[in-house]
Amino acid sequence: RVLLEARDLDVYYGDDQALQSVDLPIPEKQVTALIGPSGCGKSTFLRSVNRMNDLIDICRVEGDLEFDGKNVYDDDVDPVALRRKIGMVFQQPNPFPKSIYDNVAYGLRVQGEDDGDVDEQVQNALEQAALWDEVKDQLDSSGLDLSGGQQQRLCIARAIAPDPEVILMDEPASALDPVATSKIEDLISDLAEDYTVVIVTHNMQQAARISDRTAVFLTGGNLVEFDETAKIFEN
Ligand code: ADP
Ligand code: ADP
């Protein structure tokens, strides 16, 4: 089943076009990798999906972008609620300067959940992010005291706590050392059992290792190929 679908998507920054007539149907509960040279519009695509492009004044989005059959740019869509259903993880781990617990609890409290439920869901999210065993005895210490790889897993836990359907990841491992990278890669493969994952990476081997499907963009913002990853990397 297709969960996210771009149809004839054009994105502009002022007079410059960053994405050109992109048609991209993203299947549910798979890892889809977006690859291509720097500046080809990969981050712009992610930001179109969760409407972070709204926050860039000069950015204009045209065409259709459907999430679960509904255009995310329709007037009655609340971007903040949308971003809880479509979580995002960035290249630089960016935990809040708060405790580990509060980082994960933040989105749940915003939703007005009871404290007992919050405790349980914080633990669940940390377990799903493969971080619980490492932090369960230090939930009150600052998220900023963790290693880079742990901080990134904390950001993943924060994104999954509100029970999203999609997780967008923009080069989530490129600031990490090889051991931390390999942990994140294993985690991403596991996450696809429960979530639809869209990951931007400049690392072809990484795309080949962890994604089910790969979309190849070219300079100018054209999507030139989209297929099963094994087929894309066959040559
Ligand atoms: P990628 O993620 O593939 O490196 P981006 O989506 O970051 O590509 O950028 C695509 C194009 O849009 C580039 O030409 C970039 O300079 C331009 N761009 C990205 N963000 C902005 C912005 N906030 N303002 C103006 N131009 C931008
Ligand atoms: P990425 O390739 O991961 O998007 P960049 O280093 O290209 O990373 O961009 C980092 C930030 O700078 C992004 O938030 C992007 O929107 C912004 N940016 C990129 N290109 C431009 C541009 N030409 N003008 C203004 N902001 C830009």
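Keep in mind that this is a model prediction, so the values were computed, not measured. Ligands are counted one by one from 1 in listed order, and the atoms in each one are counted from 1 as well.
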Inset, instruction - Compare every heavy atom of L176 with every heavy atom of T181, then report the nearest pair and how far apart it is. - result: OG1-O, 3.4 Å

Inset, instruction - Give the atoms of ligand 1, by number and element, whose distance to some non-hydrogen atom of K42 is under 4.0 Å. - result: 1 (P), 2 (O), 3 (O), 4 (O), 6 (O), 8 (O)

Inset, instruction - With heavy atoms under 4.0 Å as the rule, classify the contact between T44 and ligand 1 as side chain, backbone, both or neither. - result: both

Legend entry - Winner among A18, G41, G14, P37 once heavy atoms are compared against atom 8 (O) of ligand 1: G41

Inset, instruction - Consider only side-chain N and O atoms of S43 and D170, and report whether a donor and an acceptor are under 3.5 Å apart. - result: yes

Inset, instruction - Before signing off on this row, confirm whether I56 and ligand 1 have an N or O atom pair separated by under 3.5 Å. - result: no

Legend entry - E28 and T196: side chain donor to acceptor below 3.5 Å: no

Inset, instruction - Could you tell me whether the side chains of N50 and R84 share a donor-acceptor contact shorter than 3.5 Å? - result: no

Legend entry - Where ligand 1 meets R47 - atom numbers and elements under 4.0 angstrom, heavy-atom basis: 19 (C), 20 (N)

Legend entry - Within-4.5 Å side-chain heavy-atom neighbours: D227 and T214: no

